[in-house]
Amino acid sequence: MTTCTDRIEKVTVLRAPQARVWRALTDHKEFGQWFRVNLESPFIPGKKTRGRITYPGYQHLIMEVT
């Protein structure tokens, strides 16, 4: 076992068909529905997109993903 100190990893089991999960990970609007964030633009490899979190109590936070 290798110990990494530069990241945190978490495993999550999603009870959904693989095609549904893939859509949620590749389409910014589907992703936003699952993870409650209103992303400003589509996913483009190597580019950042950001948006306001819509989950109650966290609306003041911005999510940024590459």
Side-chain angles (χ1 to χ4, degrees):
M1 184 169 148
T2 304
T3 302
C4 294
T5 58
D6 65 342
R7 66 178 154 249
I8 297 170
E9 294 184 21
K10 179 181 178 181
V11 175
T12 302
V13 177
L14 301 174
R15 299 191 194 304
Q18 190 175 30
R20 174 68 177 98
V21 174
W22 183 248
R23 278 195 318 272
L25 294 176
T26 58
D27 179 273
H28 75 289
K29 291 182 181 179
E30 294 265 350
F31 183 93
Q33 289 177 350
W34 270 37
F35 296 99
R36 296 187 179 191
V37 61
N38 187 16
L39 293 173
E40 298 170 350
S41 59
F43 295 131
I44 299 172
K47 302 288 182 181
K48 291 182 182 180
T49 187
R50 56 186 280 147
R52 186 162 305 278
I53 293 175
T54 61
Y55 189 82
Y58 294 88
Q59 296 95 332
H60 63 285
L61 297 175
I62 301 293
M63 176 187 280
E64 185 174 275
V65 294
T66 304

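Model, not experiment: these values are computed from the prediction. Numbers here simply count residues along the sequence, with the first being 1.
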For the CD1 atom of I53 and the CD atom of Q59, what is their distance to the nearest 0.5 Å? 9.5 Å

With rounding to the nearest 0.5 angstrom, report the CG to CZ distance, L25 to R23. 11.0 Å

Can you name the salt bridge (Lys or Arg N to Asp or Glu O under 4.0 Å) partners of R50, sequence neighbours left out? E64

Contacts of type salt bridge (Lys or Arg N to Asp or Glu O under 4.0 Å), residue R20, not counting sequence neighbours: E30

Quick check: is L14 connected to W22 through a chain of hydrophobic side chains (ILVMFWY, heavy atoms under 4.5 Å apart)? no

Quick one: do I62 and Y58 end up in the same hydrophobic cluster if we chain Ile, Leu, Val, Met, Phe, Trp and Tyr together by side-chain heavy atoms under 4.5 Å apart? no

Which pairs would a plain distance check flag for residues 32-48, meaning a side-chain donor or acceptor within less than 3.5 Å of a matching protein atom at least two apart in sequence or in another chain?
{"from": "S41", "atom 1": "OG", "to": "T49", "atom 2": "OG1", "distance (Å)": "2.9"}

